[in-house]
Protein chains: 4
Amino acid sequence: MNTIIGVIGTSEASDEESKTAEEVGREIARRKGTLVCGGLSGVMESACRGAKSEGGLTIGIIPGFNGSDANPYVDVPIITGIGEARNIIVVRSSDAIIAIGGSFGTLSEIAFALKLDIPIIGINTWEVSSNIKKATTPKEAVDLAFSLARPRS
Amino acid sequence: MNTIIGVIGTSEASDEESKTAEEVGREIARRKGTLVCGGLSGVMESACRGAKSEGGLTIGIIPGFNGSDANPYVDVPIITGIGEARNIIVVRSSDAIIAIGGSFGTLSEIAFALKLDIPIIGINTWEVSSNIKKATTPKEAVDLAFSLARPRS
Amino acid sequence: MNTIIGVIGTSEASDEESKTAEEVGREIARRKGTLVCGGLSGVMESACRGAKSEGGLTIGIIPGFNGSDANPYVDVPIITGIGEARNIIVVRSSDAIIAIGGSFGTLSEIAFALKLDIPIIGINTWEVSSNIKKATTPKEAVDLAFSLARPRS
Amino acid sequence: MNTIIGVIGTSEASDEESKTAEEVGREIARRKGTLVCGGLSGVMESACRGAKSEGGLTIGIIPGFNGSDANPYVDVPIITGIGEARNIIVVRSSDAIIAIGGSFGTLSEIAFALKLDIPIIGINTWEVSSNIKKATTPKEAVDLAFSLARPRS
């Protein structure tokens, strides 16, 4: 069964964060993982672009009502219409999560991951628990994500 | 862009409904559509099985908390944890919907589709509006679904 | 413990429906029930107005992001931000439900009530199941709602 | 219009946290505020008990499917059935929020409050932003909550 990796982070990413996210996306696709994210811009878009450049599958869990909210690298937009409440769906749907930078929306997702005991790897993100495994490079983060990914059954 | 077809119907399908759903799934995959459904058993499972037999992509929007709730033919389980409130996500995420038989859960989805003006095709299902296009065969239903599918932008 | 009665119906009510809803609200309040509804206009607003005229308590489960979406007779707006997915919360939170007229949104709520086995009384509404008890007057509907209300424990 | 104060915190409170929460509930009720919370045990139950001891109104936004999940001091259980996704509804429905201690669920709510710019006052809680106003006593926290409460229109 394919491993599903969630990528979370701000919709207004710095150049550095975008570069990191894109490489994370590429690494996920190279390992035949499916990328799940919030489907919008910034870290989400860069990660999806990276995944698509390697032929990966990308799912965007959209907060709003329109598929056109999805960034152009989302293969399947899941249109929730439930606003930020969709954050927990991104988290629950992931076998492991990689957080890149991020603001308060990302913090809510990290909190849910910690509450639900879903493995989470952080690159320059919120440091609110020692259960967030730190990584410094995209490759290290994705390696960790795949090795820690919980079995889905 | 790939067309996303929602398939809705009861989790306790008759043999006839299962056969219909499986052929609907096959037809969606043959046209390179992505199948979205509630991810559980009955009509949902048969449709996914059909789609996989033709190499299609299947997404299951799961009401509960566990990926293992998904039927074995779901490629990507979206684990919502929001119970039956996930019904509207199945509806919103579809460019067109095919309803096969169905009980009250299906009726709630039909109602949402009608409210949101999402094209819906019915095979032996609830007759609550003339906006539900009737089909008698899986092929006819899938043809209608692709021809009526709303553009996603 | 107070009995919680849900009132559902269209946001664009006819004069007749508004009058009925207002009297339903009054009757609920006279029996010391709490009124729960979707919090918007039409049947919802008329029911709240009736309840307040008799000193009742009114809760509005708002789909959007702003408390100002609530009609002026809502005491406590619950601001869900989850759009029409809030329909099932109105249903689940009710010990019994009264449906007055209604379009597809109301139909989705009726479907959820039938699925969840929550007692439902209808006045000129969708006839999709014999489990919808018919009433012809507001008083009859509210009497039925209180007598059928499920215990909450 | 009544002011709605959200009280958030862990379902497994220490004696100290329970005492604080109860007094916070009392202070809210003395100022004729409505208390909204997650409706379960711990900080939520103590706050509701305090509010009821002063004749206040208490609303519990329940994650599960049963009204019986609500603590005995909840007047109106809103039964969401959407699990932890209900956290954001607690936040959105509050004109101001008081956080007492708390674990990862509380952190998710704090994150949402910060994202949505809803005033938040903390007593021995997560320190993830200077926008969380610190209070040391229940009275100080409730005074701050009422003075910072956003207008609802």
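The chains referred to below are lettered A, B, ... by the order of the sequence lines, with proteins before strands, and numbering in each begins at 1.
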* Asked: What heavy-atom pair brings A:I4 and B:P77 nearest, and what distance separates the two atoms?
  -> CD1-CD, 3.8 Å
* Counting only heavy atoms not in B:D143, do more than 12 sit closer than 6.0 Å to its CG atom? -> yes
* **Largest heavy-atom contact set with chain B, pairs under 4.5 Å, which of A:T34, A:V76, A:D95, A:I88** => A:V76
* **A:D75 to B:N2 - nearest heavy-atom pair and separation** => O-OD1, 3.4 Å
* **chain B contact via A:I61 - which portion, at a heavy-atom distance below 4.5 Å** => side chain
* Part of B:L116 within contact of chain A (heavy atom distance under 4.5 Å) -> neither
* Point-to-point distance, once rounded to the nearest 0.5 Å, from CD1 of A:I78 to CZ of B:R86 -> 12.0 Å
* Asked: What part of A:I59 lies closer than 4.5 angstrom to a heavy atom of chain B: side chain, backbone, both or neither?
  -> side chain
* To do: Give the C-alpha distance, both sets of side-chain angles, the deciding distance and a yes or no for side-chain contact (heavy atoms from CB on, under 4.5 Å) between A:I89 and B:I89.
  => CA-CA 11 Å; A:I89 300 182; B:I89 300 181; 4.0 Å; yes
* Asked: More than 12 non-hydrogen atoms from neighbouring residues, nucleotides or ligands closer than 6.0 Å to CD on B:E54, yes or no?
  -> yes
* Please state whether the side chain, the backbone, both or neither of B:L57 comes within less than 4.5 Å of a heavy atom of chain A. => side chain
